[in-house]
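Before any comments, here is the structure.
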There are 2 protein chains.
Amino acid sequence: MLEARLQQASILKKLLDAIKELVTDANFECDEEGLKLQAMDNSHVALVAVELQADGFTEYRCDRPMPLGVNLASLTKVMKCARDDDQVQLKANDNADSLHLLFENEATDRTGEYDMKLMDIDQEHLGIPDTSYDATIALPAGEFANICRNLSTLGESVKIEAGKDGVRFSADGESANGSILLKSSGRATVSKPDAGSSKKKENGVKKEKKGGNDDDDEVKEEDEDDEIQEVKADNDDDEDDDEDDEEEEEEDGKKRKKKQKSGPAKKQRKQDRDESDDKVYITLNQHVSLTFSLKYLVNFAKSSSLSPRVTLSMSGDVPLLVEYKFEQGSVRYYLAPKIGDE
Amino acid sequence: MLEARLQQASILKKLLDAIKELVTDANFECDEEGLKLQAMDNSHVALVAVELQADGFTEYRCDRPMPLGVNLASLTKVMKCARDDDQVQLKANDNADSLHLLFENEATDRTGEYDMKLMDIDQEHLGIPDTSYDATIALPAGEFANICRNLSTLGESVKIEAGKDGVRFSADGESANGSILLKSSGRATVSKPDAGSSKKKENGVKKEKKGGNDDDDEVKEEDEDDEIQEVKADNDDDEDDDEDDEEEEEEDGKKRKKKQKSGPAKKQRKQDRDESDDKVYITLNQHVSLTFSLKYLVNFAKSSSLSPRVTLSMSGDVPLLVEYKFEQGSVRYYLAPKIGDE
DNA sequence: CGAAGTCCTG
DNA sequence: CAGGACTTCG
């Protein structure tokens with residue numbers, strides 16, 4: 001049996017908005033750790049991985065692991081019936097064929113109850129390989145969304161080049177070419193090109209050491225790399241005003257929460273440049289240049305409503321990881337690079 | 001070679017929004033005075049004339065006159081990649097086949113670079129005849145836009161009648177007729193019907209005196225007519241709160257600039273009625289009544305984002321001039337009246 | 001056809 | 001101020 005209470009319906013609503021276009025049906029895998037959803041997108045090109053941690057719920061109880069096969073369109077419909085600040089209780093009996101949703105609002109005396117049909121979904125749970133990335137770019141989610149949308153008006157794909165000074169997104173189109181450069185904001189970790197290989201090895205070792213829980217920490221891992229920490233210390237002039245850097249997202253989730261409460265999605269994007277950390281941090285072991293389909297990136301960027309910051313992680317010929325972390329969990333997207341020039 | 005830097009991308013964005021529906025391709029004629037664009041609309045009914053004065057740019061350099069053949073849709077796409085407060089640098093080498101645009105923002109460390117293909121456009125530069133208008137109506141741009149939009153739901157054309165007391169816009173439709181009267185705000189120049197002819201002569205003389213630079217000042221000229229100035233003095237009760245009158249647009253560009261910075265297009269239109277000069281001024285030598293296609297006027301009215309005020313200038317059987325002036329230049333539209341009743 | 005932004009209304 | 005509807009764009 002699953003019984004979980006979420007403080008704010010908006011989280012779930014935003015989550016669904018973010019992924020419903022990519023995935024139509026998926027299993028929410030419930031266990032004592034929380035809810036996880038993992039699915040290939042409809043055209044089997046991108047992978048979506050959602051996590052809602054048990055401790056992100058105000059109440060959480062899951063006696064034994066169970067999959068909830070959900071049609072995301074249906075769930076979206078139901079969630080649209082909730083107000084953003086409603087509390088949501090999710091309830092499913094073992095082997096139940098339906099999910100029960102209860103929407104409550106302390107302020108008003110209104111409650112809503114919904115039962116949504118569940119479905120059996122055969123879904124191989126894909127193992128996501130642990131990857132140590134050569135480049136990790138943390139930037140404002142709105143900025144990333146903006147760049148993807150802009151460039152998608154010019155062309156189909158974007159080349160993302162992460163260098164020590166910044167990251168460049170460029171697209172070629174019939175009528176115009178465009179290139180956007182984000183300069184890294186001082187904290188960038190710079191490895192000399194020739195130092196890259198040894199650095200990479202270090203990461204490899206580290207990974208073995210860390211073992212099985214890497215799945216959670218691919219990005220974090222790089223940030224916590226000792227040598228990188230050293231470099232950070234050298235550049236800690238901006239340490240104080242970093243509120244949304246990816247480490248703090250883990251250490252200090254409450255700050256994040258406040259921020260999300262105060263700003264609805266649309267505003268958040270606009271305010272990103274003013275109120276949130278609008279800096280760009282690049283953690284680089286090696287210069288990386290890869291090309292991706294903008295159509296997917298634009299889609300991923302819908303998750304901007306969930307978090308003011310996004311992290312892009314790249315390594316040569318490995319899928320790009322686009323990650324949005326928020327208080328209750330995270331959404332991660334994986335997208336394989338385009339090969340050759342197209 | 002052209003090299004020009006504009007303080008705010010928004011000017012260019014708004015300009016394109018204003019005219020891109022009317023004109024698909026056009027030459028930006030660059031010379032040391034600035035950029036000029038002149039084109040018939042796609043159906044060769046209306047004429048659009050844009051001027052961006054060299055001194056409206058923070059930097060401007062144009063060694064020798066050159067036309068930049070631009071597809072406005074392409075340029076619009078590129079400009080959409082700029083933020084409103086980005087600085088824009090335009091750069092084109094002599095005989096270059098592309099225009100280079102650089103978007104920079106002091107606040108952020110983001111820059112965008114775009115190369116847009118140019119095209120060869122055979123374009124006869126049309127001489128716009130100097131006209132002294134019988135009636136000139138200055139009114140809030142939003143008001144004009146609203147009237148045109150409203151009436152266009154009723155019928156195809158609007159009859160604009162300028163009289164001493166005000167201006168009447170009326171449209172006949174199948175289901176309903178409509179007529180909107182804007183009363184002139186006291187400052188109107190009233191010539192008695194029989195005095196009209198002598199007044200007209202005065203204008204004629206004046207025009208000869210002013211000579212070749214009339215092209216810029218058709219409207220202003222009428223406003224600065226001595227007799228009109230007198231009338232103004234008689235009615236100067238509103239002189240103090242006129243912030244957006246067309247003369248001040250020339251004399252006090254900085255005020256205007258501030259206003260444009262603080263208010264994005266949408267707000268501006270809403271605030272027009274509240275914060276800006278919402279008065280209607282009519283300069284009249286002779287009663288004029290002409291009929292125009294609403295479709296075009298609605299299109300012209302898109303320029304409202306560029307200026308809170310618009311000026312309509314009419315004379316019998318001569319094209320209507322709809323003019324929006326702003327700090328960096330102006331957009332003018334010419335539209336021939338409909339003949340007969342339809 | 002779906003999504004995003006804008007406008008308008010309660 | 002927020003929610004819903006419309007319009008326009010992709």
Side-chain angles (χ1 to χ4, degrees), chain A residues 8-10 13-24 41-43 72-74 76-77 79-86 103 105 107-108 110 112 141-142 144-158 171 173-176 178 261-272 293-306, chain B residues 10 13-14 16-22 24 72-84 141-143 145-150 152-153 263-274 295 298-299 301-302 304-305:
Chain A
Q8 283 194 86
S10 58
K13 295 173 83 166
K14 290 174 186 170
L15 194 53
L16 287 163
D17 280 342
I19 67 171
K20 70 167 194 287
E21 186 128 344
L22 242 26
V23 183
T24 56
D41 84 294
N42 295 328
S43 41
L72 295 184
S74 303
T76 301
K77 276 187 192 171
M79 290 307 300
K80 280 230 195 297
C81 301
R83 303 230 167 115
D84 279 359
D85 54 350
D86 280 356
F103 301 148
N105 196 310
T108 73
R110 158 175 165 157
F144 179 61
N146 192 263
I147 289 170
C148 292
R149 251 186 287 117
N150 284 165
L151 292 183
S152 72
T153 65
L154 298 181
E156 305 263 294
S157 18
V158 59
E174 292 174 8
S175 57
K261 264 182 185 164
S262 65
K266 200 169 37 168
K267 258 184 204 162
Q268 217 170 34
R269 211 180 312 154
K270 272 180 195 160
Q271 291 169 349
D272 232 7
S293 157
L294 274 166
K295 180 183 142 199
Y296 286 95
L297 297 187
V298 166
N299 235 311
F300 300 167
K302 286 182 187 164
S303 299
S304 300
S305 54
L306 285 162
Chain B
S10 57
K13 295 172 85 166
K14 290 173 186 169
L16 287 163
D17 281 342
I19 66 171
K20 70 166 194 285
E21 192 125 340
L22 241 27
T24 55
L72 295 185
S74 302
L75 184 54
T76 302
K77 271 189 192 174
V78 173
M79 288 308 301
K80 280 224 199 300
C81 301
R83 303 217 168 125
D84 279 357
E143 184 90 72
N146 194 262
I147 290 171
C148 293
R149 252 186 284 117
N150 287 161
S152 72
T153 63
K266 193 175 45 175
K267 261 186 201 160
Q268 220 170 31
R269 210 179 312 153
K270 270 181 195 162
Q271 291 170 350
D272 230 8
R273 289 190 294 278
D274 308 323
K295 180 183 142 201
V298 166
N299 236 311
K302 287 182 184 163
S304 300
S305 53

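Letters A, B, ... are given to chains in the order of the sequence lines, protein chains preceding strands, and every chain is numbered from 1. Below, each value reflects all heavy atoms present in this structure, side chains not excepted, and no hydrogens, waters or symmetry copies.
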Side-chain (B/Lys13) to main-chain (B/Ala82) donor-acceptor, under 3.5 angstrom: yes

Test item: side-chain donor near acceptor, A/Tyr296 and A/Ser43, under 3.5 Å: yes

Atom-pair distance (NZ on B/Lys77; C1' on D/dT8), nearest Å: 15 Å

Length of the CZ-C1' vector between A/Arg149 and C/dA4, whole Å: 8 Å

Sugar-phosphate, base or nothing in reach of A/Lys302, heavy atoms under 4.0 Å: sugar-phosphate

Whole angstrom value for the distance that separates C1' of C/dG5 from NZ of B/Lys13: 13 Å

Whole-Å distance separating the CG atom of B/Asp17 from the P atom of D/dC9: 9 Å

N/O donor-acceptor pair under 3.5 Å between A/Asp86 side chain and A/Arg83 backbone: yes

For atom CG of A/Asp84 and atom P of D/dG3, their distance in whole Å: 7 Å

Verdict with supporting geometry, A/Phe144 and A/Ser304, side chain to side chain contact (heavy atoms under 4.5 Å, CB included): CA-CA 9 Å; A/Phe144 179 61; A/Ser304 300; over 6 Å; no

Integer-rounded Å distance: C/dT6 P and B/Lys14 NZ: 13 Å

Whole angstrom value for the distance that separates C1' of C/dA3 from CG of A/Asn299: 10 Å

Interatomic distance, A/Lys20 NZ vs C/dC1 P [rounded to whole Å]: 18 Å

